[in-house]
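Notes follow the structure.
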Amino acid sequence: MSSPRFSEKPELLAPAGDLARLKTAVLYGADAVYAGGRSFSLRSRASNFTMEDIREGCAFARDHGASVHVTVNIIPHEDDLDGLEEYLYQLQEAGVHAFICASPAIMQAARRAAPAVEIHCSTQLSVTNSSAARLMCEAFDIDRVVLARECTMDEVKKITSSVPCQTEAFIHGGMCVNYSGRCTLSNRMTLRDANRGGCAQSCRWQYKVYEDGQLERDDFTMGSKDLMAASEIRELMEAGVSSFKIEGRMKTEYYIASVVSAYRRLIDELYAYGDLDAERMQWHTDQIMRGENRAVWSGFYHCPGDGNSLIMHANSDADVNHDFLGKVIEAEGDSGLVEVRNVFASGDRAEILSCHSGILPFEIGELITADGIIKKEARHPMEQLRMALPAGAQKGDILRRSRQ
Ligand code: SF4
């Protein structure tokens with residue numbers, strides 16, 4: 001389908017912390033996912049991807065018309081490079097579409113060892129101007145530059161229109177209070193190197209602040225609010241940005257399903273209609289926020305990043321507005337089997353977030369255990385309960401409930 005306004009529909013690129021979340025992201029509408037292997041990747045401590053998982057993930061993505069990008073984005077020291085080329089070659093053979101690299105040494109090794117794989121210049125390189133972007137293209141023959149989260153909208157437009165490669169921009173997720181990972185807070189406070197995959201998120205810890213020996217506050221954090229750029233999507237599409245990235249390889253399956261499906265709908269509608277009215281945009285924003293659990297701001301696109309962009313209070317889940325109640329593991333006719341994640345009860349108003357059928361509101365009816373006992377409440381995590389489900393619910397769908 002063509003668009004009345006945009007020449008191309010951008011790729012929706014989602015994070016995947018493990019194979020289950022990779023599949024969730026693809027089923028809920030991601031065109032591509034990015035994952036980290038157990039080597040040479042930031043967040044490598046959090047990664048559950050073996051080479052076998054990456055192979056399976058690539059095959060699954062390919063079967064669903066999607067692709068897999070792998071982060072190879074550490075800032076390597078001398079002995080970090082051992083085994084790199086063999087690893088890159090194995091990733092190519094596994095079916096990986098692109099490497100996300102932050103080091104020129106890794107980019108060069110990637111061209112040598114895995115020439116069929118695209119090279120994307122990581123946001124760790126903080127590209128905020130067209131001259132730097134062009135240099136990356138010319139010197140390292142990259143296919144895409146991932147723009148720094150600190151770019152303004154004007155900078156995104158200027159860079160995108162003047163570089164001989166694709167651009168990718170962040171639209172959602174965590175921001176660094178320092179310059180996109182150029183930070184040694186974690187190194188100093190925990191001896192874990194943020195630029196070699198070990199960030200302990202020290203900025204988000206709770207601190208006591210003293211002034212002249214007097215305790216001023218005991219709930220201070222330096223964490224940034226999360227990026228939520230729904231209102232900037234149309235302008236980013238007009239600018240010709242090729243890929244919209246959601247941050248969050250540490251995020252839950254529920255978060256991935258909610259946020260990815262919400263942006264999928266927003267991008268598809270904007271592409272189909274060219275623009276949306278305020279009421280419809282608010283609906284999309286509400287849908288995105290059903291998965292978000294932090295305060296948000298719209299990033300540096302139209303804002304200098306003042307104090308309002310920081311979470312100046314203790315971290316909490318005060319901003320959560322929906323609870324993940326369970327996952328549909330079987331669906332047939334008008335009933336199914338749900339694996340419990342949070343407490344719920346017969347009579348609760350809830351909804352199925354379906355990867356195929358959209359949002360399906362309904363009232364929870366009888367809950368029946370494997371022994372045929374009828375319960376009023378679901379209280380035990382991972383217990384499987386049979387219940388009536390709305391038409392269109394399918395295996396893999398998510399059951400959730402509003403907190404209001
Ligand atoms: S400690 Fe915070 S600011 Fe520093 S790299 Fe980690 S997340 Fe970013």
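A quick note: this is a predicted structure, and the numbers were derived from the prediction, not measured. One-based numbering, in listed order, for ligands and for the atoms of each.
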Is atom 6 (Fe) of ligand 1 less than 2.8 Å from an N/O/S atom of Cys199, whether that atom is in the backbone or a side chain? yes
Just to verify, what does Tyr263 make a ring-ring contact (aromatic ring centres under 6.0 Å, His included) with, not counting sequence neighbours? His172
Tell me whether the guanidinium CZ or amine NZ of Arg149 lies under 6.0 angstrom from the six-membered ring centre of Phe170 and within 45° of its axis. yes
Going by the order shown, which atoms of ligand 1 are within less than 4.0 Å of some heavy atom of Cys183? 1 (S), 3 (S), 4 (Fe), 5 (S)
Against the six-membered ring of Phe220, is Lys208 placed for a cation-pi contact (under 6.0 Å from the centre, within 45° of the normal)? no
With a cut-off of 4.0 Å, which atoms of ligand 1 are near a heavy atom of Val177? 3 (S)
If the cut-off is 4.0 Å to any non-hydrogen atom of Ser202, which atoms of ligand 1 fall inside it? 1 (S)
Closest non-hydrogen atom pair between Leu367 and Glu377, with its separation: CD1-C, 3.9 Å
Where ligand 1 meets Asn178 - atom numbers and elements under 4.0 angstrom, heavy-atom basis: 3 (S)
Which pairs count as ring-ring contact (aromatic ring centres under 6.0 Å, His included) when at least one residue sits in residues 111-140, sequence neighbours excluded? His69-His120
